[in-house]
Amino acid sequence: MNNTGPVRRADLYLRAEYPEFETTIYRIEQNRFLIYIENLKKDFDVINVQFEKKLKPLLTRAKLTKKKPKIFLEIIPSMSDSEISKGLEGILMTKSEWINLLAIKFPTINFYKITDDTGVINIHIANYRIKEGDTTKYVFLDKSSRRLLEDFIYQYKSPMGFNIVIDEFEDKPALIPGYQKDDDFAFVYVKNLVSKPFFTQRDESLWYDNVDHIFQGSFKKKDLFFFNENEYNCYVDFSVFPNVDLRYHLLLYQVIYLTPPLEKRIDIWLKTMRITRNEFIELIVRERIKLVLTQDNARYDLNFMNEIYELMPNSIVSKRAVSCLQQCDIIELSDNYIFNTTECIQELKYVCEISSKFAKVDSKFIYDIAVWPIKARRNSFEILQRSGIMSASLYGVNMIIDNPPSKNISEAGDFLLKVYSPSIHLAHALNATYFPFQGEGGYTDGDYADMMGKLLNFFKFSTLHNFKEFTDTETFLQKGNNFISPINLIMVNDFDSILDFEDILNKELAFPNGRRLIETLSSLSPKEQSEKIAYYNEEIMRFLKKKDMFGKTLDFSVQSLNAMLGFSTGLPTGPVLTAIKLGGNKFFKHFSPIRHIMEKIEQAMESNIDRKNIHFLSKINRAVKLKN
């Protein structure tokens with residue numbers, strides 16, 4: 001009997017809790033197993049109690065042993081880190097979870113219902129006839145589809161039996177959602193998948209078709225339909241609390257990943273930001289905004305979501321696709337982690353025990369931090385499979401923070417870390433800057449975002465290629481998933497239309513200029529920041545005065561070049577300045593014979609970071625100003 005799934009899963013749970021363990025699974029009898037820990041030297045009784053009470057699934061006939069058995073039927077290989085999702089082996093599921101899974105994974109098979117006898121699950125499939133004009137068509141389970149279904153059931157490796165039952169009907173049976181009672185047996189019927197939004201069906205297929213490849217490392221974030229690793233983006237969560245005006249995000253980023261509010265019509269929410277429905281849709285069509293749904297679709301404005309799917313299918317990302325993204329991120333992070341080998345993990349245990357004596361910190365706390373990427377990989381799949389990223393706190397970096405901030409709030413810091421963890425992990429998976437929410441009375445998750453973001457970045461850059469640079473400098477912590485407060489640095493003009501704002505801050509202009517500007521300012525001390533902003537504003541005013549003097553046809557790049565060459569100090573300009581002025585004219589700028597000259601002028605002008613920032617701010621001065 002191929003019933004090893006629950007035992008291999010229990011062994012994985014043990015190795016997720018204790019990543020340093022090397023184990024061997026022995027089949028002692030047909031349905032009885034022993035798990036021997038090769039490198040356990042002490043604390044067997046403590047670990048055994050934890051295994052029995054916390055780690056081992058119910059009815060799993062496996063026990064830990066101190067001694068290697070001399071007599072056994074066979075050795076069962078442990079589940080490797082690349083096999084965790086394969087066939088959903090050993091994962092306990094309800095009947096409704098089974099029927100939904102099968103209907104999604106095998107969309108061409110006509111699943112009807114699931115029933116269960118003692119220890120046996122019956123999968124009912126409907127064969128039926130349908131009339132198409134004058135002909136009658138017979139719809140049935142073909143041999144090829146049956147073989148694929150049987151292979152999948154075999155991979156589950158369950159002690160339960162599975163029967164494929166063919167129910168014959170004259171007509172297509174009605175698919176009744178939910179549970180029905182009949183003769184004291186509980187039937188679970190297929191939920192009518194046609195009623196699900198198309199983007200939900202697409203993303204559920206994305207998960208089930210690719211999750212095995214994700215664990216094997218052959219499907220990565222860059223392969224997701226909505227993710228572009230070369231774009232500079234941010235993530236902002238409007239699901240519960242208000243946040244920064246979208247105009248700030250448009251200024252600084254190419255793409256805004258946005259979670260809309262729950263239980264609220266989009267139109268009502270948009271009014272609070274002085275944005276119309278059509279304007280918001282236009283920003284999505286321009287690929288400046290993508291909608292990220294982290295919870296069940298029923299909690300969002302589904303009419304609006306369906307409308308967006310019709311216009312821009314890749315701009316709406318539902319719960320299952322978010323799970324794909326998060327699983328990819330964890331796998332890539334653990335694959336690249338510098339200490340991800342069994343030998344390193346075992347040595348880390350030893351190093352942490354020695355370090356704890358000097359640091360006077362619990363060695364387990366240090367060790368849990370050091371092996372978090374490995375534990376997250378082994379624990380995340382079942383959580384994402386069932387609940388999605390909203391349960392990220394069950395495997396997230398919040399679990400390895402010992403001193404959570406709790407300023408001016410009544411809730412315990414560790415509880416708030418759990419609440420805020422999903423958004424931080426989502427932002428990290430997107431390689432995005434996270435914008436903390438802005439609640440009433442200054443209520444924000446900023447401190448928590450900063451702490452978790454830095455930890456995630458530490459693991460992200462703890463690779464063979466980046467570790468030296470990471471330990472030499474903390475520059476990495478200023479990039480990627482750190483949170484910033486542009487509202488404290490930048491003031492946007494109160495435009496009547498956000499599209500007028502966007503016309504000035506188009507996607508090409510915003511990047512890389514917005515990123516460079518904010519990185520320049522965020523790397524400075526408060527005093528240096530104030531001095532830099534004052535300098536920028538003074539230069540911008542000087543440029544704007546020159547614009548009035550030279551006329552509207554002169555491009556800002558010419559003014560910047562004038563400043564670089566010292567023209568503003570009164571040096572003789574002669575024919576060179578005249579030629580440059582003409583070159584600044586928009587007509588000549590696009591005139592082919594001098595296009596390369598203008599490219600050189602632009603390139604020369606942008607040779608200095610401050611000049612680049614001033615040039616960018618000059619171009620967007622009508623929309624945005626730096627606060628003095």
Side-chain angles (χ1 to χ4, degrees), residues 12 16 19 79-86 203 206-235 255 257 290 292 294 317 320-342 344-345 369-385 388-389 391-392 394-400 421-434 452-470 476-477 479-482:
L12 177 70
M79 188 179 291
S80 71
D81 284 353
S82 64
E83 296 177 316
I84 290 173
S85 66
K86 189 175 180 181
D203 294 350
L206 178 73
W207 170 261
Y208 286 111
D209 289 347
N210 295 293
V211 68
D212 288 352
H213 300 298
I214 292 173
F215 274 91
Q216 293 160 8
S218 59
F219 186 94
K220 298 181 181 294
K221 287 194 291 188
K222 64 181 178 62
D223 299 313
L224 292 165
F225 67 87
F226 58 89
F227 182 79
N228 185 339
E229 60 186 346
N230 296 317
E231 286 181 333
Y232 186 51
N233 57 62
C234 68
Y235 172 63
V255 176
Y257 287 97
K290 293 183 181 180
V292 181
T294 58
V317 184
R320 282 292 191 194
V322 173
S323 292
C324 272
L325 170 75
Q326 172 71 138
Q327 194 70 84
C328 285
D329 190 60
I330 292 170
I331 300 307
E332 290 176 32
L333 187 148
S334 61
D335 279 345
N336 296 327
Y337 186 46
I338 192 171
F339 304 126
N340 66 356
T341 64
T342 301
C344 283
I345 292 170
I369 294 175
V371 298
W372 177 81
I374 312 303
K375 298 182 76 166
R377 181 189 188 116
R378 294 175 182 176
N379 287 324
S380 58
F381 170 67
E382 287 185 66
I383 294 166
L384 290 170
Q385 156 78 15
I389 201 167
S391 294
L394 296 177
Y395 58 78
V397 290
N398 55 284
M399 300 183 72
I400 57 174
S421 179
S423 293
I424 312 307
H425 282 84
L426 175 52
H428 182 267
L430 288 166
N431 295 346
T433 300
Y434 176 66
M452 285 186 277
K454 286 179 178 177
L455 264 175
L456 285 167
N457 276 335
F458 168 75
F459 292 117
K460 181 177 182 178
F461 294 109
S462 293
T463 70
L464 283 174
H465 300 293
N466 295 324
F467 195 72
K468 181 180 185 302
E469 185 175 354
F470 184 86
F476 279 117
L477 299 183
K479 300 177 182 178
N481 189 51
N482 62 303

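By the 4.5 Å heavy-atom criterion applied to side chains, Ile338 and Thr463 are not counted as neighbours. For the pair Tyr434 and Cys234, the minimum side-chain heavy-atom distance is 4.5 Å or more. Residues Ser218 and His213 have side chains in contact (heavy-atom distance under 4.5 Å, counting atoms from C-beta outward). Side chains of Phe339 and Ile345 form no contact here, defined as non-hydrogen atoms less than 4.5 Å apart. Annotation: side chain of Lys460 is not in contact with side chain of Leu456 (no heavy-atom distance under 4.5 Å). Here the side chains of Tyr232 and Thr433 are in contact, with some heavy-atom distance below 4.5 Å. Contact of the Phe219 side chain with the Leu224 side chain is registered, since non-hydrogen atoms from C-beta on lie closer than 4.5 Å. Between Asn340 and Ser334 the shortest side-chain heavy-atom distance does not fall below 4.5 Å.
Between the side chain of His428 and the backbone N or O of Met452 there is no donor-acceptor pair closer than 3.5 Å. Looking only at distances, a side-chain donor or acceptor of Trp372 sits under 3.5 Å from a matching main-chain atom of Gly396. At distances below 3.5 Å, not a single donor-acceptor pair connects side-chain atoms of Asn379 with backbone N or O atoms of Tyr395. Formation of a donor-acceptor pair under 3.5 Å by the Arg377 side chain with backbone atoms of Ile330 is not found in this model. Although no hydrogens or angles enter the test, the distance criterion places no donor-acceptor pair under 3.5 Å between the side chain of Asp329 and the main chain of Leu325.
Under 3.5 Å, the side chains of Ser85 and Asp212 contain a donor-acceptor pair of N or O atoms. Using a 3.5 Å distance cut-off with no hydrogens or angles, the side chains of Tyr208 and Arg320 do pair a donor with an acceptor. Side-chain atoms of Ser380 and Gln326 include no donor-acceptor pair closer than 3.5 Å.
Separating the CD1 atom in Ile383 from the OG atom in Ser323 is a distance of 11.0 Å, to the nearest 0.5 Å. The distance from the CD1 atom of Ile424 to the CG atom of Asn398 is 10.0 Å, given to the nearest 0.5 Å. In this structure, CG in Leu333 is found 12.5 Å from SG in Cys328, a value given to the nearest 0.5 Å.
When all heavy atoms of Leu206 and Asn210 are compared, the pair lying nearest together is O-ND2, 2.9 Å. Residues Ile214 and Cys324 approach most closely at CD1-O, 4.0 Å, considering heavy atoms. The two residues Glu332 and Lys221 make their nearest non-hydrogen contact at OE2-N, 2.8 Å.
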Run the side-chain contact (heavy atoms from CB on, under 4.5 Å) check on Ile369 and Phe459 step by step: do they pass? CA-CA 10 Å; Ile369 294 175; Phe459 292 117; 4.2 Å; yes
Under the side-chain contact (heavy atoms from CB on, under 4.5 Å) criterion, do Asp203 and Phe225 qualify, and how do the steps go? CA-CA 10 Å; Asp203 294 350; Phe225 67 87; 3.5 Å; yes
How far apart are the C-alpha atoms of Lys222 and Asn228, what are their side-chain angles, what is the distance that settles it, and do they pass the side-chain hydrogen bond (donor to acceptor under 3.5 Å, both in side chains) test? CA-CA 6 Å; Lys222 64 181 178 62; Asn228 185 339; over 6 Å; no
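Using the six-membered ring where Trp is involved, Phe381 and Trp207 have ring planes that are parallel, under 30° apart on the 30 and 60° scheme.
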